[in-house]
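Taking it in order: structure first as structure tokens, then the write-up.
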Amino acid sequence: MSRAGLIGLIAFAAVAGFIAYQSFLLPGKTCEVCMSYRGGDQCRTVSAATEDEALQGAIVNACAFISSGVTDSMACHRQEPRSKRCW
């Protein structure tokens, strides 16, 4: 095997190892958010590194199911969640 091939193989193994390591790390917070918008209700659970990221992710995820289009989606995101719970 050439020197360039060996370096490429080592680099690939390092990147693959890093991705595998990151995928096994447990997230810091999990939040469940229930949103109501224009007669639709949806609850979603998201895990993230911080509580704020988990809350925002759950809101975005829930609003994706009950809104249509950019304007509706932005309006839904501005609504106060019907319920939220983090652990």
Side-chain angles (χ1 to χ4, degrees):
M1 180 180 280
S2 70
R3 184 178 181 141
L6 184 59
I7 291 172
L9 181 63
I10 291 171
F12 175 76
V15 170
F18 176 75
I19 291 171
Y21 172 75
Q22 289 293 321
S23 68
F24 288 114
L25 291 178
L26 294 176
K29 289 288 184 175
T30 300
C31 293
E32 179 186 58
V33 172
C34 295
M35 298 293 293
S36 294
Y37 181 71
R38 291 194 174 183
D41 290 313
Q42 191 65 242
C43 296
R44 287 287 175 237
T45 303
V46 171
S47 297
T50 66
E51 185 173 323
D52 188 50
E53 289 174 354
L55 280 170
Q56 290 304 314
I59 289 170
V60 168
N61 201 322
C63 284
F65 281 89
I66 56 177
S67 62
S68 61
V70 175
T71 305
D72 256 3
S73 180
M74 290 171 57
C76 180
H77 295 166
R78 287 191 295 267
Q79 299 291 318
E80 189 65 30
R82 184 170 41 89
S83 68
K84 58 184 174 183
R85 179 175 62 105
C86 296
W87 59 92

**Request:** Decide yes or no on side-chain contact (heavy atoms from CB on, under 4.5 Å) for Gln79 and Ser36, but give the supporting numbers first.
**Result:** CA-CA 8 Å; Gln79 299 291 318; Ser36 294; over 6 Å; no

Heavy-atom pair of closest approach, residues [X] and [Y]:
{"X": "Ala62", "Y": "Met35", "result": "CB-CG, 3.7 Å"}
{"X": "Cys31", "Y": "Ala58", "result": "O-CB, 4.1 Å"}
{"X": "Cys76", "Y": "Ser67", "result": "CB-CB, 4.3 Å"}

**Asked** Can you tell me how far NZ of Lys29 sits from CG of Asp52, rounded to the nearest 0.5 angstrom?
**Response**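 Between Asp52 CG and Lys29 NZ, I get 12.0 Å after rounding to 0.5 Å.
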
**Prompt:** Can you tell if the side chain of Arg38 reaches within under 4.5 Å of the side chain of Ile66, non-hydrogen atoms only?
**Reply:**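 SC-SC contact between Arg38 and Ile66 ruled out.
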
**Prompt:** Would Tyr37 and Val46 show up in the same hydrophobic cluster when neighbours are defined by side-chain heavy atoms closer than 4.5 Å?
**Reply:** no

**Residue pairs fulfilling salt bridge (Lys or Arg N to Asp or Glu O under 4.0 Å) with at least one residue in residues 78-87, sequence neighbours excluded** =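 Every salt bridge (Lys or Arg N to Asp or Glu O under 4.0 Å) pair that includes a residue of residues 78-87, provided the two are not neighbours, is Glu32-Arg85, Asp41-Arg82, Glu80-Lys84.
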
